[in-house]
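As structure tokens, the structure follows; a few thoughts come after it.
Because the structure is a prediction, the values reported are computed rather than measured.
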Amino acid sequence: MIQKYVFGTPFETEAVTARIPETPGRPAYGKIGTEGGFSFEMPLGKEDIVYGLGENVRGINKRGYLYISNASDDPYHTEDKSSLYAAHNFLIVDGKRKVGFFFDYPGVIRFDVGYMDPDVLTVSGREADLTLYVMEGATAYEIVKEFRKIIGRSYIPPKFAFGFGQSRWGYKSQEDFFAVADGYRKNRLPLDMIYMDIDYMQDYKDFTFNREHFSDFPEFVKKMRERHIRVIPIIDGGVKIEEGYPVYEEGVKNNYFCKRADGSDFVAAVWPGYTHFPDFLNPAARRWFGRCYQTLTDAGVEGFWNDMNEPSIFYSKEGADRCRRAMEKYLSTSEEEYSIMEVQKELNALANDPRDYANFYHNVDGKMVCHEKVHNLFGYYMTRAAGEAMEELEPERRILFFSRSSYIGMHRYGGVWTGDNASWWSHLLLNLKMLPSLNMCGFLYIGADLGGFNNNTTRDLLLRWLALGVFTPLMRNHTAAGTRAQECCQFGDTEDFRHVLEVRYRLLPYIYSEYMKAALTDDLYFKPLSFVYPEDGFAPQAEDQLIIGNEIMIAPVYTQNARGRYVYLPEEMKFVKFLPDGSISEEILSAGHHYVEIALNEVPLFIRKGRCIPVADPAEYVEAVNPDTIRCIGYTGGTYELYDDDGVSREYDLETHVRVIGM
């Protein structure tokens, strides 16, 4: 049962696509206050588990910490952070009562999940203008599936997007990209995509390419495709202010950019220097910006990643003036009168200053809406702009899209990657724990920067992270400029890396099939063990193990120098390892706790009792996976419903594209 409660005058985010009538009165759960803002307070039982909140720090069970939905460009994802890049305001309380809540509120909203008081859930926002959806069900899993039905079908990427991708901030010229491609192909390392970070652009301008480094961009894209590799360029959320730059001039001419209160275009500095922000909440501006992607699709590009769309602000003119005034005051007075710490305070506040977000406006149906009231929608609507445009311009084929910032609703237009993580073992574990929470909020095409973006990775960390990435729909190795080379051919002997990557392509029939079935039935691709084994008292504790689809459990190694790990099996399972010689070992383990050995060059998984999964022969790219080599591994007598389609068209049908195979 889903109930809808409306408070004040909420902004229509279009996160929910189903038509749900408003329920009169107040919800039966929690105490609600609307004086001086919005507050929701509900007691938590001692054993209650709280799921959801999508992209966030800490564990699958969110209890015991403070989370703030405030899309933030913060590259330091340490345990003390309360906000990351996204705002996913859906959670479930799972105990004697089982109830889910979606707070459709696009401004900053706080979720105190037993933080100040361990037995109380408190949700609060500055304004009492929101829509609250309340969902009841027999299980937390059932509530998630009901929520997924009302927010619309998850985005479906082209099949090539399930291949492996290599990225680095710092690839500048076509020679750099050819060198990466050649390094993979010469070492027989599977690869489908190479990502283009900001250096491919001309002066960091969206929808351009550097004329010195790419004299014939369409020819470059064509040559990469001849190697069976797609190039996936980045698009940023700010448009450079530059006379003669068509995107800038069109945006100014047609009032497509966000405004200051006085009606002038808001100015902030990002990578290109001073920029304007497209007003994605304005349908005309959204359509205009979305159609700009055609500049690159006409050149043969088949996918994009949208970045800096919280939106990130390095500094504004107002912020620079504040710093300048603070420095002038410091220089003209004594330290006792005005400390250098006051200057430092302004410098520290320069980037992503809330005062700047309160200083520009969107045009929504002719009404000026302050950005801070709708801050969390910017990344969602940027990717919506691209997705809607491609549905119109490319109706016969899928285009790859994923974004850094998001809000529930964006899941219909693209996937997400989890942003600027670090080459830390703790971030490998954080990656694992984020996956089911993102799925609960509708985001199925997800992944992290394998090996870590910031800092320097190590060979063992990258191998272990790739062994997790084998199972994530978005599988990408990405790192920052100034870090050590992180391509899989940069660590001496490539044999171990080749084997781990080949496992991804061997499992591609299963991964793609489970993704498509989850998307088409509003289900989860990644599930916590407790969703599958709700009566098992230990399952909620096993947060470092996940169920994929209905057939397998994964339990990656995430500890430095570990030769294996402990696992908990809620039932008998078959322990499977893909070995470096190409063989597959299988061992039946009884329900209970086990220590399993897993070498650096092995990829483990567990097949649930009575089930089987499809595997194929290795391939160097998705199009080379031979369906004639597909066979099943697992339990004798098991059967599997394999979904497969052309991987390109937008025609999806479970009845047409599913066939039953078995042992």
Side-chain angles (χ1 to χ4, degrees), residues 164 188-190 428 432 459-472 475 488 493-511 513-514 529 532 542 544-559 561-620 625-626 629-640 642 661-663:
F164 175 68
R188 294 183 293 110
L189 292 162
L428 168 52
L432 176 68
R459 183 177 185 274
D460 57 341
L461 175 58
L462 181 55
L463 279 167
R464 292 298 195 196
W465 216 326
L466 288 168
L468 167 59
V470 161
F471 300 99
T472 60
M475 185 185 186
C488 294
D493 187 356
T494 59
E495 186 175 333
D496 289 345
F497 289 95
R498 182 186 311 115
H499 166 64
V500 173
L501 294 180
E502 284 180 346
V503 174
R504 166 61 166 219
Y505 289 76
R506 298 185 72 181
L507 286 170
L508 194 68
Y510 179 71
I511 292 166
S513 180
E514 288 307 306
L529 264 63
V532 179
D544 57 353
Q545 303 170 205
L546 300 176
I547 300 294
I548 294 179
N550 293 307
E551 289 77 24
I552 71 171
M553 181 183 78
I554 61 169
V557 177
Y558 53 86
T559 307
N561 297 321
R563 297 180 180 179
R565 57 161 292 169
Y566 285 94
V567 296
Y568 172 67
L569 305 187
E571 62 176 331
E572 177 194 297
M573 293 186 185
K574 183 168 279 192
F575 177 40
V576 173
K577 289 195 293 186
F578 290 82
L579 304 176
D581 64 0
S583 63
I584 301 173
S585 72
E586 301 181 51
E587 176 187 3
I588 291 178
L589 299 178
S590 61
H593 296 270
H594 299 267
Y595 180 82
V596 292
E597 292 191 352
I598 304 165
L600 267 176
N601 55 8
E602 297 174 346
V603 179
L605 59 84
F606 298 81
I607 299 178
R608 296 175 62 194
K609 185 176 181 180
R611 319 224 174 177
C612 64
I613 64 170
V615 297
D617 284 353
E620 288 190 30
V625 175
N626 185 352
T629 67
I630 293 176
R631 58 205 179 277
C632 285
I633 60 172
Y635 283 87
T636 301
T639 61
Y640 179 75
L642 177 69
I661 59 176
M663 294 287 288

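- In this structure, the side chains of Leu466 and Arg504 stay at 4.5 Å or more apart for every pair of heavy atoms.
- The shortest side-chain heavy-atom distance between Phe164 and Leu189 does not fall under the 4.5 Å cut-off.
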Solution key, residues 584-600 side-chain donor-acceptor pairs under 3.5 Å, sequence neighbours excluded:
{"unit_1": "Glu586", "atom_1": "OE1", "unit_2": "Lys574", "atom_2": "NZ", "d": "3.4"}
{"unit_1": "His594", "atom_1": "NE2", "unit_2": "Ser590", "atom_2": "O", "d": "2.6"}
{"unit_1": "Tyr595", "atom_1": "OH", "unit_2": "Gly564", "atom_2": "N", "d": "3.2"}

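- The backbone N or O of Val567 sits nowhere less than 3.5 Å from a side-chain atom of Gln545 that would complete a donor-acceptor pair.
- With sequence neighbours excluded, the residues forming a salt bridge (Lys or Arg N to Asp or Glu O under 4.0 Å) with Arg459 are Asp496, listed by chain and number.
- Between the CZ atom in Arg506 and the CD1 atom in Ile633 there is a gap of 8.0 Å [rounded to 0.5 Å].
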Throw together a table of side-chain donor-acceptor distances under 3.5 angstrom for residues 610-619, partners on residues two or more places apart or in other chains.
{"unit_1": "Arg611", "atom_1": "NH1", "unit_2": "Asn550", "atom_2": "O", "d": "2.7"}
{"unit_1": "Asp617", "atom_1": "OD1", "unit_2": "Arg631", "atom_2": "NH1", "d": "3.1"}

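- The nearest pair of heavy atoms linking Ile607 to Gly634 is CD1-CA, 3.6 Å.
- Taking CG from Leu507 and OG from Ser513, the interatomic distance works out to 12.0 Å, rounded to the nearest 0.5 Å.
- For the pair Leu605/Ile548, no side-chain contact is recorded, criterion being any heavy-atom separation below 4.5 Å from C-beta on.
- Not a single donor-acceptor pair under 3.5 Å links the side chain of Arg464 to the backbone N or O of Leu428.
- Every residue two or more places apart in sequence or in another chain that forms a side chain to side chain donor-acceptor pair (under 3.5 Å) with Arg608 is listed here: Tyr533, Glu571.
- Shortest non-hydrogen contact noted between Glu602 and His499 is CA-NE2, 4.5 Å.
- Screening Ile547, Leu569, Val576, Ile552 for a side chain to side chain contact (heavy atoms under 4.5 Å, CB included) with Phe606, the sole residue that qualifies is Leu569.
- Pro190 has its side chain within reach of Glu502: a pair of non-hydrogen atoms, C-beta onward, lies under 4.5 Å apart.
- Checked against ring pair (Phe, Tyr, Trp, His ring centres under 6.0 Å), Phe471 has no partners two or more places apart in sequence or in another chain.
- The shortest distance between side-chain heavy atoms of Met663 and Tyr635 does not fall below 4.5 Å.
- Remark: Glu551 pairs with no residue by the salt bridge (Lys or Arg N to Asp or Glu O under 4.0 Å) rule, at least two apart or across chains.
- With rounding to the nearest 0.5 Å, the separation of CE in Met553 from OH in Tyr568 is 10.0 Å.
- Residue Leu463 holds its CG atom at 9.0 Å from CG of Leu501, rounded to the nearest 0.5 Å.
- Using a 4.5 Å cut-off on side-chain heavy atoms (C-beta onward), Val500 and Val470 make contact.
- Scanning for ring pair (Phe, Tyr, Trp, His ring centres under 6.0 Å) contacts around Phe578 gives an empty result, with sequence neighbours left out.
- Partners of Glu514 by side chain to side chain donor-acceptor pair (under 3.5 Å), not counting sequence neighbours, listed by chain and number: Lys517, Tyr640.
- With sequence neighbours excluded, the residues that form a side-chain contact (heavy atoms from CB on, under 4.5 Å) with Asn626 are Asp628, Thr629.
- Scored by the side-chain contact (heavy atoms from CB on, under 4.5 Å) test, Arg188 finds Arg498, Glu620 as partners (sequence neighbours excluded).
- Atom CG in Leu546 sits 7.5 Å away from atom CG in Leu529 (nearest 0.5 Å).
- Counting only distance, with no hydrogens or angles, the side chain of Thr472 and the backbone of Gly469 share a donor-acceptor pair below 3.5 Å.
- With sequence neighbours left out, the side-chain contact (heavy atoms from CB on, under 4.5 Å) criterion links Asp544 to Leu429, Leu432, Tyr558, Arg565.
- Asp493 pairs by the side-chain contact (heavy atoms from CB on, under 4.5 Å) definition with Glu495, not counting sequence neighbours.
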